[in-house]
Protein chains: 2
Amino acid sequence: MSTIPARRRRATIHDVAVEAGVSRGTVSRVVNDEPYVSEQARIAIEAAIEKVGYVPNNAARSLVMQRSQAVGFIVHEPHSLFLEDPNIGGILLGANTALSSADYQMVCLIIDSDRDNDRVARYLSGGFVDGVIIVSARQNDPITRIVEKLALPSVFVGHPPDLRQLPFVGIDNRSSARAITERLIGTGRKRIGMIAAALDRDSGADRLAGFRDALGPRFDPALVEDVPLYAFSAGVDGMRRLLERAPDLDGVFAASDAVAAGALEALREAGRSVPGDVGVVGFDDSAWALRCQPPLSTVHQPAAGLGEAAAESVLAQLRGEEPDLGGILLDTPIVWRDSA
Amino acid sequence: MSTIPARRRRATIHDVAVEAGVSRGTVSRVVNDEPYVSEQARIAIEAAIEKVGYVPNNAARSLVMQRSQAVGFIVHEPHSLFLEDPNIGGILLGANTALSSADYQMVCLIIDSDRDNDRVARYLSGGFVDGVIIVSARQNDPITRIVEKLALPSVFVGHPPDLRQLPFVGIDNRSSARAITERLIGTGRKRIGMIAAALDRDSGADRLAGFRDALGPRFDPALVEDVPLYAFSAGVDGMRRLLERAPDLDGVFAASDAVAAGALEALREAGRSVPGDVGVVGFDDSAWALRCQPPLSTVHQPAAGLGEAAAESVLAQLRGEEPDLGGILLDTPIVWRDSA
DNA sequence: ACATAGTCTGTGCACGTTCACAGAATCTCA
DNA sequence: TGAGATTCTGTGAACGTGCACAGACTATGT
């Protein structure tokens with residue numbers, strides 16, 4: 001008969017105090033790096049901590065400190081995001097990096113259904129997190145309302161919904177779109193079209209606006225085809241329709257890399273060479289960009305940077321600083337490859 | 001001068017008790033759905049909870065209950081995983097679904113550096129989580145050792161490192177590879193090659209073994225080309241070399257969809273039609289599979305199912321059940337598309 | 001020698017909950 | 001009626017920590 005090893009009680013600050021022959025208070029001071037503790041005591045306590053394997057109990061600490069040292073990372077519509085949006089992983093990573101160097105823990109809160117909405121709402125109200133990073137909030141989002149009501153330090157990645165004045169980080173879709181279109185014009189293309197996508201979202205509308213900015217008076221609405229989603233198949237359809245309408249086209253700005261990949265496919269079908277007959281540029285610098293044949297020229301989305309900036313903003317608010325309601329916009333370098 | 005709204009103290013169980021005219025104990029019983037409370041008291045308490053907006057304080061609860069109601073989701077090598085591995089998102093989602101319906105919170109612990117290793121180790125030792133799901137652990141992994149030392153309920157997605165006897169969920173790479181190879185043989189192909197990948201990992205070695213199983217005595221080592229990574233470019237290289245060595249080849253099993261996509265590219269270069277001249281099958285049913293031209297026949301990895309199964313296993317251990325050390329293997333349906 | 005400032009240490013309380021226990025009230029059955 | 005079971009309620013203790021406070025000890029200057 002094997003003896004079941006007794007699940008040993010975890011060492012507490014009291015055990016350390018006894019071991020080191022001092023009081024709880026002094027141990028606490030050492031653990032929290034506070035002044036006014038003698039070198040002798042510090043050494044004894046550090047040895048005792050090591051010996052008994054002491055790790056502070058977070059629940060007790062949270063209870064007395066009234067904070068959790070955790071930040072929520074809220075993601076909506078995970079199915080489409082995790083599978084389609086290559087940026088989300090980078091944002092997650094960037095946020096995690098910044099939070100963990102500040103000794104905060106990142107808690108993923110994934111909203112997949114209405115039940116999840118309730119659960120997350122309860123979680124936020126329960127004081128489990130000291131702040132939140134919200135990715136891709138929807139219009140009329142219950143979570144957004146709760147965050148406001150609790151006055152929880154928060155930051156959105158992308159524009160906050162319902163035109164609210166809340167802190168956010170993002171990129172300037174409009175000027176980025178303008179920049180890459182200008183670059184495409186600079187290669188000598190004369191008839192440049194756009195496959196616009198997701199015009200119901202800020203990002204989609206802004207990319208179209210930037211395209212228009214770049215072309216100025218030469219902008220021709222007939223050369224814009226719009227598709228509902230940032231998706232490969234939408235790109236194929238959009239490109240086909242565009243080619244039908246404007247067979248003499250020699251340049252295309254696709255609203256995302258996935259759309260651009262679809263466009264390349266349609267161009268191949270139609271027997272056009274890229275970049276010979278038609279120059280193509282995308283947006284996002286996602287995994288699609290390198291997979292395409294030829295590799296895409298595109299606008300780089302600094303996903304990790306966005307995550308880091310979002311985390312820094314929350315941390316600043318946690319330190320009591322006033323958030324910048326105007327939003328933080330990150331640079332988007334253009335990556336020039338062979339497709340244009 | 002605007003008055004700063006005083007950050008109101010959160011309602012406690014005591015406030016509810018006063019409001020409802022009962023004691024803390026009775027409120028606690030209502031909150032935790034315990035028996036032995038009169039209908040009258042229950043109604044009064046529920047009204048009081050609503051009125052004062054009471055939400056239980058988790059820190060206090062964790063402190064006295066000695067558990068956190070949270071499960072860690074540990075991911076190694078996030079850069080390659082989040083960007084390359086389409087399965088990780090599905091696993092995350094599946095695990096989250098199962099955990100949240102059991103009222104457990106999932107905490108993402110991303111290990112990106114040695115510093116992260118320390119931080120996560122501290123986190124686990126600190127009792128912040130009651131169990132862990134570990135994705136893609138490395139050989140000789142410090143986290144694995146800590147989990148063992150703490151006897152923390154745990155489950156690996158994929159085989160545990162160092163041949164340890166620890167619970168895991170996964171797929172049967174060998175029999176899946178065998179099945180899809182047999183299916184390819186069934187289409188009448190006579191000279192079938194394989195681009196094996198990542199032979200240093202269990203998954204890679206098993207897929208090769210399955211291929212060998214399917215061919216039996218007809219297996220020809222000269223028709224196997226191996227590449228280091230599950231990557232597109234590796235697929236291109238592997239296919240080129242394979243074609244050089246065996247120009248009469250009429251079927252290829254690629255060790256992953258990314259590799260298969262690379263193979264398609266190389267076949268196109270070489271002027272072979274797919275599936276006309278050569279039938280190609282992949283593995284994973286990742287986003288690559290549908291993007292390819294033609295779409296890939298492949299083995300479906302039930303990513304969400306793996307996440308759910310992993311979560312269920314941890315939850316079962318948390319309920320005190322003995323884990324199944326043999327591991328749980330999920331079914332992998334074959335998805336037949338146009339590439340073979 | 002004494003006052004004063006500076007350095008260090010120990011103690012009790014609070015945080016908000018659960019749980020064991022005691023006791024009150026009601027019901028059941030001889 | 002009274003003993004015993006059943007249902008319900010309130011109370012004190014405990015979980016492990018940080019913090020305010022009181023007090024002891026040491027150095028400095030008069």
Side-chain angles (χ1 to χ4, degrees), chain A residues 7-46 48-49 52-70 103 105 122-123 125-128 130, chain B residues 7-46 48-49 52-70 103 122-123 125-130:
Chain A
R7 177 104 169 195
R8 222 183 31 248
R9 195 178 58 87
R10 277 180 47 205
T12 73
I13 204 169
H14 181 253
D15 300 330
V16 177
V18 170
E19 177 69 32
V22 296
S23 74
R24 286 174 6 245
T26 309
V27 177
S28 178
R29 276 182 281 268
V30 169
V31 170
N32 298 310
D33 250 338
E34 280 166 29
Y36 297 134
V37 32
S38 67
E39 202 48 34
Q40 184 193 356
R42 167 165 279 119
I43 289 169
I45 290 168
E46 274 163 0
I49 287 176
V52 304
Y54 170 69
V55 179
N57 179 312
N58 187 244
R61 189 178 264 178
S62 293
L63 181 58
V64 67
M65 306 279 285
Q66 309 276 50
R67 63 211 164 91
S68 60
Q69 289 285 329
D103 257 310
Q105 184 52 47
R122 245 191 0 258
Y123 198 76
S125 311
F128 295 57
D130 299 333
Chain B
R7 178 103 171 197
R8 225 185 25 251
R9 194 179 57 86
R10 275 181 48 204
T12 73
I13 204 170
H14 181 253
D15 300 329
V16 177
V18 170
E19 177 69 31
V22 296
S23 73
R24 286 175 3 247
T26 308
V27 176
S28 178
R29 276 183 283 266
V30 169
V31 171
N32 297 309
D33 250 338
E34 281 167 26
Y36 297 134
V37 33
S38 65
E39 202 49 32
Q40 186 193 357
R42 168 165 278 119
I43 290 170
I45 290 168
E46 274 163 1
I49 287 176
V52 304
Y54 170 68
V55 180
N57 180 312
N58 189 244
R61 187 178 268 177
S62 294
L63 180 59
V64 67
M65 307 276 286
Q66 310 276 49
R67 62 212 165 93
S68 61
Q69 289 285 326
D103 256 309
R122 246 193 356 258
Y123 198 77
S125 312
F128 294 57
V129 294
D130 299 334

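As the structure is a prediction and not an experimental result, all values here were calculated from the model. Per chain, numbering begins at 1; letters A, B, ... match sequence-line order.
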Inset, instruction - Could you tell me whether the side chain of B/Y123 reaches within less than 4.5 Å of the side chain of A/Q105, counting heavy atoms only? - result: yes
Inset, instruction - Please round to 10 degrees the angle between the axis of the first five pairs and the axis of the last five pairs in the helix from C/dA1-D/dT30 to C/dA30-D/dT1. - result: 50°
Legend entry - A/Q66 CD to B/N57 CG distance, which is reported to the nearest 0.5 Å: 7.0 Å
Legend entry - B/F128 CZ - D/dG16 P separation (whole Å): 15 Å
Legend entry - Interatomic distance where NE2 belongs to A/H14 and P belongs to C/dG12 [whole Å]: 12 Å
Inset, instruction - State, yes or no, whether a side-chain contact exists between B/V31 and B/R61 at a heavy-atom distance under 4.5 Å. - result: yes
Legend entry - Nearest-0.5 Å distance, OG of residue B/S62 to CG of residue B/D130: 8.0 Å
Inset, instruction - Round to the nearest Å and state the distance from A/N57 atom CG to C/dT17 atom P. - result: 17 Å
Legend entry - Atom-pair distance (CD1 on A/I45; C1' on C/dG10), nearest Å: 12 Å
Inset, instruction - Look at all strands and tell whether B/A59 reaches a base, only sugar-phosphate, or nothing, counting heavy atoms closer than 4.0 Å. - result: nothing
Inset, instruction - Could you tell me which non-hydrogen atom of B/A11 sits nearest to which non-hydrogen atom of B/V52, and how far apart they are? - result: CB-O, 3.6 Å
Inset, instruction - Taking only the side-chain nitrogens and oxygens of A/T12, find out if one of them lies under 4.0 Å from OP1 or OP2 of D/dC15. - result: no
Legend entry - Distance in Å, B/E34 CD paired with B/T26 OG1, rounded so as to fall on 0.5 Å steps: 10.5 Å
Legend entry - Pairwise distance CD1(A/I49) to CG(A/D15) - rounded to 0.5 angstrom: 11.5 Å
Legend entry - B/Y36 OH to C/dA25 P, straight-line distance once rounded to whole Å: 19 Å
Legend entry - Partner of A/R24 by side-chain contact (heavy atoms from CB on, under 4.5 Å), out of A/T12, A/I13, A/V18: A/I13
Inset, instruction - Measure the distance from CD on B/Q66 to C1' on D/dG16 and round it to the nearest whole Å. - result: 9 Å
Legend entry - B/S38 side chain near D/dT9 phosphate (N/O to OP1/OP2, under 4.0 Å): yes
Legend entry - Heavy-atom protein contacts under 4.0 Å, nucleotides 18-26 of chain D, coded B base, S sugar-phosphate only, - none: BS-------
Legend entry - Phosphate OP1/OP2 of C/dG10: any A/S23 side-chain N/O under 4.0 Å: yes
Legend entry - Separation of atom CD in A/E39 from atom P in C/dT7, rounded to whole Å: 15 Å
Inset, instruction - Hey, could you give me the OG/CD1 distance between B/S38 and B/I43, rounded to the nearest 0.5 Å? - result: 9.0 Å
Inset, instruction - Starting at atom CG of A/L63, determine the distance to atom P of C/dT18, rounded to an integer number of angstrom. - result: 12 Å
